[in-house]
There are 2 protein chains.
Amino acid sequence: MASTAKTKEKDAGARERLMEATAQIMLEEGYAAATSRRVAARAGVRSALVYYYFPAMDDLFVAVMRAGADASLARMRQAISADEPLRALWTINTDPRWTGLYAEFVALANHRKVISAELKSYAERVRDIETAAATVALRAQGVDLNEYPPVAISMLVAQIARSLGNESAIGMTEGHEEMRELVERFLKRFASTEHAQAT
Amino acid sequence: MASTAKTKEKDAGARERLMEATAQIMLEEGYAAATSRRVAARAGVRSALVYYYFPAMDDLFVAVMRAGADASLARMRQAISADEPLRALWTINTDPRWTGLYAEFVALANHRKVISAELKSYAERVRDIETAAATVALRAQGVDLNEYPPVAISMLVAQIARSLGNESAIGMTEGHEEMRELVERFLKRFASTEHAQAT
DNA sequence: GTCTATAGACGGATAGAC
DNA sequence: GTCTATCCGTCTATAGAC
């Protein structure tokens, strides 16, 4: 087996450790703290090695984003065929690790063109899949898709979930309980196992 | 009249110009680009002057945030007594200038404790006022406030508005049209001038 | 109140040894 | 593949002249 191919799960190669370190630092201290020296230190290597694997820091950021995005997209594709697509969407977008990273990338994109283009492309794919999931759920309930466009519903679910995560990150939890209950009631109404509205 | 007091509207003092420059740079290139040298250059002064008005860069950021927050809060207090409180809320939170700055501060807060505390305190005051506005609107329509907690409704309106702004900033507009129409219909239903549901 | 000058730290990135 | 060493730029912040 080639050394660059995926070997054992544990004790990953330097490249993987660098990416993981970058994600952690971004989450804990913000993207500005993810410098070549700091990510190298956390990965247990010297900073020059960063530039061996990634020509420039932007390339490292893009790699981290792609990895996270791909993982998220995979989860979402599964969600479409789940029992409750909308709930799956909600759950995925509530994952603090990914929403935190996503928020950092949005901020990063604000002044790095490479990141911005990459983020937009990812965000569009995410929206497409989320919309597909919402379409499944709404159609199963016989909802008028013109009155409640799936793309809007999927935005609602995803964005509200992310908002809760972002706010929690700075200790803001006012109204979260009420919002969660409201969403819970909404999701129950669209649980695809109950095609007729009981009670 | 003292020289530190508010003089003419135009050609403001260095302190005000520094704050304005900081806000502009944060919006255009992200908070990381708002360095003492760059904000000073845009304000037309030397970087050392930044430290005359603001002991440390964090103090400058906090000042910019407070100014923006106070302006937003003032608009929101007016919104409560507006004809359509929810619509006013929506309009304020769609203002790209403020939502853009807000997003940057959220990112900044991720690794600056001073900013984090300040942001949280502001966010809580905003939520309280937004909730008051939502309460007015919902009660006028005879909505069951237990079923639809004003705090959750205000979060919905504000967060979705901000989300649209954040996405537009990176060129993501997929589904925005549908979302705007959905919100528009929602807002029309709660226009407080029509206490009974016409049509 | 605004400036010049500078200290001291840290950053991105590269050259070249092993 | 990983390291040491280094260049050069930018940053925050301070000292002190005007």
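Within every chain, numbering begins at 1; the chains are lettered A, B, ... in the order of the sequence lines, protein sequences first and strands thereafter.
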Checklist outcome for this item: CE of B:Met76 to CG of B:Asn93, rounded to nearest 0.5 Å, is 4.5 Å
Next on the checklist: Applying the side chain to side chain contact (heavy atoms under 4.5 Å, CB included) criterion to B:Pro149, which one of A:Met179, A:Glu178, A:Glu177 satisfies it?
Outcome noted: A:Glu178
Item to check | Short side-chain to backbone donor-acceptor contact, A:Arg17 and A:Ala43, under 3.5 Å | outcome: yes
Checklist entry - Reckon A:Tyr52 has a side-chain N or O less than 4.0 Å from the OP1 or OP2 of D:dT2? => result no
Checklist entry - Could you give the CG-to-C1' distance, from B:Leu18 to C:dC3, as a whole number of Å? => result 14 Å
Item to check | Six-ring centre of B:Tyr122, B:Arg66 cation under 6.0 angstrom, axis tolerance 45° | outcome: no
Pairs: protein N or O with nucleotides 9-15 of chain C N or O, under 3.5 Å:
unit_1	atom_1	unit_2	atom_2	d
C:dG11	OP1	A:Thr35	OG1	3.3
C:dG11	N7	A:Arg37	NH1	3.3
C:dG12	OP2	A:Ser36	N	2.7
C:dG12	OP2	A:Ser36	OG	2.6
C:dG12	N7	A:Arg37	NH1	3.0
C:dG12	O6	A:Arg37	NH2	3.3
C:dA13	OP2	A:Met57	N	3.0

Checklist outcome for this item: When rounded to the nearest 0.5 Å, the distance separating CD of A:Gln24 from CZ of A:Arg38 is 12.0 Å
Checklist entry - OP1, OP2 of C:dT2 versus side-chain N and O of B:Tyr53: anything below 4.0 Å? => result yes
Item to check | Rounded distance in Å - CD1 (B:Ile25) to P (D:dT10) | outcome: 15 Å
Next on the checklist: Using whole Å, what does the distance between atom C1' of nucleotide D:dA5 and atom CG of A:Leu49 come to?
Outcome noted: 16 Å
Next on the checklist: In the structure I gave you, are the side-chain heavy atoms of A:Leu108 and A:Met26 within less than 4.5 Å of one another anywhere?
Outcome noted: yes
